[in-house]
Amino acid sequence: MKKFFTLAIVSLLSTVAVQAQKVVINKADGSQVTFQASEITNVQFVPASLTDNFVGSYKGEDKISVAGILYTSSEAVTYKVTANEDGTVNLTVPEETFKKTIMGNLTLSSYTISKIPYDESKKAFIKAYKDDNIKFHLIIKNDNGTVISDKEYTFDSRICKVTITKGADGKLTVSNTYQMGKMPFPISGTFTGTKQ
């Protein structure tokens with residue numbers, strides 16, 4: 001059945017793309033969503049149960065690697081996953097603090113990565129989000145509590161990429177690689193949390 005629908009959609013998209021028409025999707029609630037055919041690159045059917053399985057709040061430790069040195073968040077943090085109607089998910093990363101890093105004591109503000117698609121071949125939700133231009137705030141303090149830096153940055157490096165998986169034990173794992181402004185070190189983060 002899934003293959004039949006996929007072939008039907010591909011056929012439909014091929015036709016409308018040639019005719020440069022709009023694609024109108026009639027939803028079950030009576031509303032419509034309209035797209036230009038040129039906006040659509042492909043159509044993926046993601047079972048609702050798949051996104052539902054990921055949705056929720058997960059509490060655990062976050063670890064980051066800076067210049068090969070591993071740091072753990074000073075407190076347990078809660079990541080949140082929400083679902084979209086198109087089968088993608090959103091990930092909200094909470095504010096968190098990492099103490100005694102090579103840059104000082106870091107506090108990163110909360111931010112959200114939206115519309116992360118599912119990659120069937122990797123069995124994970126994956127997105128390179130450089131072009132989303134997500135903004136976040138970073139505060140760096142020394143051990144005495146003096147603010148060394150307090151700036152807003154944009155995740156606009158080509159290395160910005162997030163991968164969300166879920167194990168058989170129900171734990172969520174988020175791998176997130178990013179770089180802040182002109183700072184020389186990329187940061188690799190790994191969060192593992194239990195659903196609350």
Side-chain angles (χ1 to χ4, degrees), residues 41 44 51 54-84 86-167 171-194:
T41 56
Q44 291 181 313
T51 54
F54 280 77
V55 167
S57 296
Y58 297 82
K59 188 172 184 178
E61 288 186 333
D62 203 358
K63 298 181 184 298
I64 59 171
S65 176
V66 184
I69 304 172
L70 191 65
Y71 304 99
T72 301
S73 55
S74 57
E75 297 178 350
V77 294
T78 301
Y79 276 53
K80 185 176 181 182
V81 178
T82 57
N84 301 306
D86 61 1
T88 62
V89 297
N90 309 314
L91 177 72
T92 299
V93 178
E95 178 180 292
E96 51 191 341
T97 300
F98 297 90
K99 294 183 177 179
K100 298 186 180 298
T101 76
I102 58 173
M103 295 184 288
N105 298 319
L106 312 179
T107 298
L108 285 74
S109 69
S110 176
Y111 59 91
T112 298
I113 304 171
S114 301
K115 293 192 169 291
I116 306 167
Y118 188 72
D119 186 327
E120 178 66 36
S121 65
K122 303 286 178 60
K123 304 298 182 187
F125 286 92
I126 302 173
K127 184 176 186 180
Y129 55 91
K130 168 186 179 294
D131 295 331
D132 287 13
N133 291 312
I134 299 167
K135 298 189 182 305
F136 73 103
H137 212 79
L138 172 67
I139 299 173
I140 304 175
K141 296 181 181 179
N142 63 21
D143 287 338
N144 298 326
T146 303
V147 175
I148 300 170
S149 177
D150 184 344
K151 294 181 181 179
E152 182 179 84
Y153 293 92
T154 301
F155 288 126
D156 55 5
S157 169
R158 61 180 178 78
I159 70 168
C160 293
K161 184 178 181 180
V162 66
T163 300
I164 307 171
T165 58
K166 198 167 185 185
K171 289 187 177 181
L172 188 82
T173 298
V174 177
S175 298
N176 190 14
T177 303
Y178 52 91
Q179 193 162 3
M180 299 175 286
K182 303 296 183 181
M183 290 188 179
F185 305 114
I187 296 176
S188 296
T190 302
F191 167 83
T192 301
T194 303

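Quick caveat: nothing in here was measured; it's all calculated off a predicted structure. Residue indices begin at 1 and follow the sequence shown. Both backbone and side-chain heavy atoms feed into the values below; hydrogens, waters and symmetry mates do not.
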Next item on the list: May I ask you to check whether Asp156 and Asn133 show a side-chain donor-acceptor distance below 3.5 Å?
Entry: no
Note to self: Quick check for you: to the nearest 0.5 Å, what is the distance between Ser157 atom OG and Ile187 atom CD1?
What the structure shows: 11.0 Å
Checklist line | Derivation and outcome, side chain to side chain contact (heavy atoms under 4.5 Å, CB included), residues Leu108 and Glu95 | finding: CA-CA 6 Å; Leu108 285 74; Glu95 178 180 292; over 6 Å; no
Checklist line | Over 12 non-hydrogen atoms of neighbours within 6.0 angstrom of NZ in Lys59 | finding: no
Next item on the list: Go through the steps to decide whether Thr97 and Thr107 satisfy the test side-chain hydrogen bond (donor to acceptor under 3.5 Å, both in side chains), and finish with yes or no.
Entry: CA-CA 4 Å; Thr97 300; Thr107 298; 3.2 Å; yes
Next item on the list: Please name the pair of heavy atoms, one in Thr163 and one in Ala124, separated by the smallest distance, quoted to 0.1 Å.
Entry: CG2-CB, 3.9 Å
Next item on the list: Please step through side chain to side chain contact (heavy atoms under 4.5 Å, CB included) for the pair Thr51 and Tyr118, ending with a clear verdict.
Entry: CA-CA 9 Å; Thr51 54; Tyr118 188 72; over 6 Å; no
Note to self: For Glu75, I'd like to know if atom CD has over 12 heavy atoms of other residues, nucleotides or ligands within 6.0 Å.
What the structure shows: no
Check: Does the Ser73 side chain pair with the main chain of Asp62, one donor and one acceptor, at a distance under 3.5 Å?
Finding: yes
Note to self: Minimum heavy-atom separation for Gln179 and Cys160, please, with both atom names.
What the structure shows: N-SG, 4.3 Å
Checklist line | Under 3.5 Å: donor-acceptor pair, side chain of Lys122, backbone of Thr165 | finding: no
Check: Quick check: does any side chain N or O of Thr101 sit under 3.5 Å from a backbone N or O of Met103, one acting as donor and the other as acceptor?
Finding: yes
Item checked: Interatomic distance, Ile140 atom CD1 to Thr146 atom OG1 [nearest 0.5 angstrom] -> 13.5 Å
Next item on the list: Test Tyr79 against Leu91 for side chain to side chain contact (heavy atoms under 4.5 Å, CB included), laying out the working first.
Entry: CA-CA 7 Å; Tyr79 276 53; Leu91 177 72; 3.8 Å; yes
Note to self: For the backbone of Asn144 and the side chain of Asn142, can you confirm whether one donor and one acceptor N or O come within less than 3.5 Å of each other?
What the structure shows: yes
Margin query: I'd like to know if the side chain of Lys63 pairs up with that of Thr72 as donor and acceptor (distance under 3.5 Å, no hydrogens or angles considered).
Written below: yes
Item checked: Closest heavy-atom pair and its distance - Ile113, Ile116 -> O-CD1, 3.7 Å
Check: Can you tell me how far OH of Tyr153 sits from OG of Ser109, rounded to the nearest 0.5 angstrom?
Finding: 11.5 Å
Note to self: Nearest 0.5 angstrom please: Asn90 CG to Lys127 NZ, how far?
What the structure shows: 8.5 Å
Check: How long is the gap from NE2 on His137 to CG on Asp150, to the nearest 0.5 Å?
Finding: 3.5 Å
Next item on the list: Check the angle between the aromatic planes of Tyr111 and Phe136 and answer parallel, tilted or perpendicular using the 30° and 60° thresholds.
Entry: tilted
Note to self: Using modelled atom types and a 3.5 Å cut-off, is there a donor and acceptor pairing between side-chain atoms of Asp132 and backbone atoms of Ile134?
What the structure shows: no
Next item on the list: Drop me the distance from Ser149's OG to Leu106's CG, to the nearest 0.5 angstrom.
Entry: 10.0 Å
Margin query: Donor-acceptor check, side chain of Tyr71 to backbone of Ile102, threshold 3.5 angstrom: yes or no?
Written below: yes
Note to self: If I compare all heavy atoms of Tyr129 with all of Thr177, which pair ends up nearest, and what's the gap?
What the structure shows: OH-O, 3.8 Å
Notebook entry, point to check: Minimum heavy-atom separation for Lys161 to Ile126, with atom names?
Noted result: CE-CG2, 3.5 Å
Margin query: Donor-acceptor check, side chain of Ser110 to backbone of Val93, threshold 3.5 angstrom: yes or no?
Written below: yes
Note to self: ring-ring contact (aromatic ring centres under 6.0 Å, His included) for Phe191 and Tyr58? Distances and angles first, verdict last.
What the structure shows: CA-CA 10 Å; Phe191 167 83; Tyr58 297 82; 7.7 Å; no
Notebook entry, point to check: Can you name the closest pair of heavy atoms from Asn105 and Lys100 and give their distance?
Noted result: OD1-N, 2.5 Å
Margin query: Testing Thr78, Thr112, Thr82 one by one against Thr92 for a side-chain hydrogen bond (donor to acceptor under 3.5 Å, both in side chains), which residue passes?
Written below: Thr112
